Amino acid sequence: MAQLPKKDVVIIGYGAAAGPISTELAKAGYSVVALDRGEYRTTDDFSGRTFDTLRFVQRAELVPSSSEVAMTFRTDDKSVARPAANRMANMVGGASVHWSGQSWRYYEDDFRVRSTIDEMYGPERLGYLEEDGANIQDWPITYDDLEPYYEKTEYHVGIGGFPGNIQGEIRPVNPDEGNPYEAPRQKDFPMRPLRDNATDLTFREGALELGLKPFHVATAINTEPYTNPDGNERPACSYCAFCTSYGCWNDSKGSSLVSLLPTALETGNMEIRANSHVLRINHEDGRAVSVDYIDLITGELHTQPGDIFYMGAYTYQNVRTLLYSGITGGGQVGKYFINRAGPSVSAYFDDRYLNGWAGPAVQRQGLDDYNGENAAEEKMQLSDEDFFIRGGFIGSPSQRHPLEAYRIHPPDVPRWGRGYKDYWKENFNRIISLQILQEPMPYESSYIDLDPNYVDRFGVPAARVHRQVKQNEIRMSRFIFQKATEILQAAGAARVWGNERPNPSASMTHDCGGLRMGDDPSMSATNKYGQLWEVPNILVGGGALLPTMSGHNPTETIWTLSYWTADAVLQNKIDLEDSQAFS
Amino acid sequence: MPRSLPDINRRSFLKGTFGTAAAMAVTGAYTRDLLAQEDASSAAYTFLSPSEVPTLEALAEQIWPSDDTIGGRDAGVVTYIDRALSGAYAQYQPVYRLGLDWVDQASNEQFGANFADLESDQQFAFLETHLGVPGGSASASPEASPVTATPEGDLGVEGMALPAEQATPAGTGGQGSGSTGALADSAAGTEESAGDGTVAGVPMLAGGDAPQIADVSEFLNIVLTHTIEGLFADPAYGGNRDKAVWESLRYGGPYYVHTEEQQTSFEPLDLPVQSIADL
């Protein structure tokens with residue numbers, strides 16, 4: 001085993017979260033090394049020859065195999081958890097390379113769900129949540145704390161959108177209005193979002209018909225040549241439609257890999273060590289001293305010492321690495337796992353073609369009229385058996401290539417034979433399948449621990465994921481299923497179908513919690529800067545930090561929290577010897 | 001290396017001089033090489049035996065029958081599957097060897113002849129028995145509610161399908177497809193509390209199980225998914241011959257650029273159908 005020269009900062013997994021903090025610290029003169037088990041792919045690895053749905057969607061080339069990032073799943077505490085698929089990434093830059101680019105600032109009340117629901121609904125309507133073992137806590141920080149860092153994310157990664165609310169002023173009018181529910185922003189986006197396509201216009205038509213407030217979602221995809229404040233220059237999107245699940249051929253989709261890493265490398269202080277699989281963190285007397293990792297090319301085991309350690313991998317891997325290292329946070333590490341489950345709603349039209357294959361997935365209208373507590377008035381009228389807290393986003397995705405669409409058919413259409421073929425010949429260019437993102441709640445029964453039965457190929461126990469669907473999610477799903485169906489009907493769909501049952505699974509790409517931040521060490525794993533209560537020189541990044549997840553994609557918030565933590569280091573707001581001594 | 005060409009492309013895009021013609025020059029050389037290699041080996045099947053080919057062809061034809069457009073047999077689905085079994089899906093070789101034999105055994109029991117020799121309506125009835133119509137009612141396939149998977153597949157948006165090895169039918173608890181797809185499926189086996197082969201104290205490799213089939217129905221669900229791959233994937237993989245399946249769907253295939261005019265049209269685009277080799 002080789003002991004390597006010490007670095008100021010050791011990044012464990014160069015996923016989305018790792019981008020901001022490693023760039024900011026490298027710019028400030030820290031020596032930074034990022035260890036990532038994936039390959040170091042660059043934009044030159046993506047081109048027209050990777051416009052290949054078989055490779056990247058069906059065979060999911062950018063997702064690691066289960067034998068390397070082992071994960072198992074069960075929906076109770078008794079059965080044997082079974083191996084489950086993941087949606088992580090096997091490359092430097094992590095899932096921010098194969099993501100869609102959909103970008104959101106969380107709402108003000110997303111940071112204080114506990115307080116919001118207590119104020120709005122009172123204990124008698126919330127009793128069912130307690131029965132189900134919900135453990136909902138406000139974040140230890142507010143939207144106002146993060147607002148400057150959201151702006152930093154939008155300008156550095158490169159995010160385009162229509163502003164809904166600049167400094168309290170609700171922004172104008174069709175067709176260029178933004179999200180009217182947006183929290184106030186100090187500055188406009190650096191550019192506009194992708195344009196609307198036929199699918200978006202159809203969804204929008206239905207939503208407006210019902211008096212709802214659709215808008216084009218913000219995306220981390222350049223709609224014009226864009227140079228960020230660090231001088232990172234990238235071109236505009238070509239609308240190629242090989243976007244989600246793919247790396248961008250044109251450098252137009254923002255990621256830690258293409259938006260942030262080049263700046264860090266230019267400083268000379270940043271080193272990327274790809275194909276480096278971290279096994280464990282070595283710690284003594286409450287301080288981390290080094291990590292052990294395997295060089296996947298040579299098979300050699302190395303030890304990398306450092307002063308600051310940053311958990312920059314995906315939720316499961318961050319939790320698993322800590323647990324395997326014997327860092328349990330008094331039982332808090334792995335708790336309050338949250339991920340998506342919800343209804344599905346699809347339709348076909350007979351009065352128009354939508355050609356959903358001819359545009360990227362995130363070219364998308366959406367609406368938040370049922371997200372957060374925006375539908376509170378209507379929900380208050382519901383019976384106790386139907387009442388639920390929070391809500392979800394509804395949007396209209398594209399990128400429907402044949403191998404991405406082949407399951408989108410009504411349940412009575414056969415899945416093979418002449419009926420199946422006739423359906424596709426008639427409807428391939430006429431379908432919409434909505435994106436519905438419901439906000440899940442943290443429960444005592446949803447958590448990640450180490451699996452006693454399954455290991456990865458290095459002998460490290462799998463992350464065992466527990467996820468149950470409770471009353472709130474089932475009720476929410478029923479409600480939103482109905483609303484989404486109405487939108488497509490109002491848009492003139494010939495046929496709408498779907499499934500109102502939320503179906504839990506181990507990995508849904510929005511997989512959060514497990515290392516949540518908080519004010520109270522007995523209820524959280526980290527303080528408000530993502531510093532582990534138990535080991536103060538380990539900082540946590542990524543979705544695992546989130547106490548609640550909102551009905552929106554978490555990635556912009558993940559980047560923003562990384563900037564927030566970086567600033568805490570640079571401005572000495574945290575004490576690397578004592579997690580309680582922060583300011 | 002053809003790698004340098006996309007850089008030129010990106011630069012021209014930055015300067016606003018990007019065009020499809022420039023893009024088309026980029027990858028042609030690479031994919032032509034790829035196709036030349038594949039053509040050289042396409043004369044004979046690499047894995048499938050001469051007696052297995054007609055069975056699989058007949059299955060592909062029933063799954064996607066010829067009409068005024070190309071069917072599964074002529075589209076080269078079997079070529080696709082044979083190449084996959086010789087490469088990316090090599091772990092499925094025992095499954096196919098066994099499963100194709102089972103199909104003929106069951107066909108003989110039900111109709112007194114091998115599957116390929118049955119009348120078309122008998123083949124249809126056989127598949128109805130083992131795959132179910134509609135929606136797989138006769139099988140335990142979790143694909144029975146296909147829509148369940150759809151927006152979740154998009155969910156992410158970051159949304160990724162499942163790697164084939166993680167979605168093996170028996171290995172992960174009965175997912176009825178040879179690869180990918182329904183994330184919902186990963187929950188399918190989780191209620192089972194026993195019989196998965198785990199032995200206390202002996203750790204098992206997560207994701208390391210070889211695919212297995214328990215009956216004809218499970219095998220046919222794998223064939224169904226692989227047939228759809230052969231139909232809908234790029235012709236470089238041996239199926240979707242001459243892009244004819246894409247043509248029948250009025251799918252244009254991969255393009256570097258879609259214009260605003262195209263994207264906001266409510267009519268079929270009817271663009272020339274391209275494959276990767278045409279880019």
Side-chain angles (χ1 to χ4, degrees), chain A residues 44 47-49 51 54 57-60 63 65-67 70 73-75 79-80 82-85 87 95 99-100 102 197-198 225 235 238-240 245 344 346 352-353 355 358-359 397 402-403 406-408 411-412 414 416 418 421 428 433 435-436 453-455 462 498-499 503 505 508-509, chain B residues 3 6 13-14 27 30 63-65 133-135 145-151 154-166 172-173 179-180 183-184 186-187 189-190 193 196 198 203-208 224 228 232-234 249-251 254 256-258 263 266-269 276 279:
Chain A
D44 287 346
S47 70
R49 65 182 177 270
F51 290 0
L54 185 71
V57 178
Q58 196 76 351
R59 297 180 183 171
V63 174
S65 78
S66 296
S67 60
F73 179 61
R74 61 182 181 176
T75 54
S79 61
V80 175
R82 304 290 298 268
R87 291 193 165 197
W99 75 316
S100 74
Q102 199 175 154
N197 62 24
S238 67
Y239 293 86
C240 77
S245 306
S344 65
S346 305
R352 69 188 78 188
Y353 292 83
N355 307 311
L403 269 184
Y406 71 92
R407 294 167 190 260
I408 305 174
D412 57 323
W416 59 274
R418 192 165 305 284
K421 186 179 183 186
F428 172 66
S433 189
Q435 181 197 40
I436 296 171
N453 297 315
Y454 285 93
V455 295
N499 192 334
N503 201 351
S505 69
M508 296 301 301
T509 69
Chain B
R3 291 277 163 87
F13 211 95
L14 269 172
T27 52
Y30 173 87
I63 288 168
W64 194 259
V133 171
S145 297
V147 290
T148 309
T150 307
D154 172 72
L155 206 161
V157 193
E158 287 101 279
M160 301 293 293
L162 315 189
E165 66 179 295
Q166 297 168 349
T172 55
S179 63
T180 134
L183 267 183
S186 60
T190 53
S193 59
D196 70 340
T198 46
M204 300 182 52
L205 189 60
L224 174 56
I228 288 167
F232 290 172
D234 193 278
L249 299 179
R250 302 174 94 165
Y251 167 62
Y256 278 98
V257 178
H258 295 289
Q263 290 201 314
F266 290 103
E267 297 301 322
L269 296 184
I276 294 170
L279 286 174

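Since the model is a prediction, treat every value here as computed from it, not as a measurement. Within every chain, numbering begins at 1; the chains are lettered A, B, ... in the order of the sequence lines, protein sequences first and strands thereafter.
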To the nearest 0.5 Å, what is the distance between OH (A:Y454) and CE (B:M204)?
4.5 Å
Flag the one option from A:A358, A:G359, A:A198 with the top tally of heavy-atom pairs under 4.5 Å to chain B.
A:A358
Could you work out, with ring pair (Phe, Tyr, Trp, His ring centres under 6.0 Å) as the rule, every residue matching B:F232, not counting sequence neighbours?
B:W64
Working to the nearest 0.5 Å, report the span between CG of B:L249 and OH of A:Y406.
14.5 Å
From A:N355 CG over to B:F266 CZ, what is the distance, rounded to the nearest 0.5 angstrom?
9.5 Å
What's the spacing between B:I228 CD1 and A:Q58 CD if we round to 0.5 Å?
8.5 Å
Are any side-chain N or O atoms of B:Y256 and backbone N or O atoms of A:G48, one a donor and one an acceptor, separated by less than 3.5 Å?
yes
Closest contact, heavy atoms only, A:Y239 versus B:H258
O-CD2, 2.8 Å
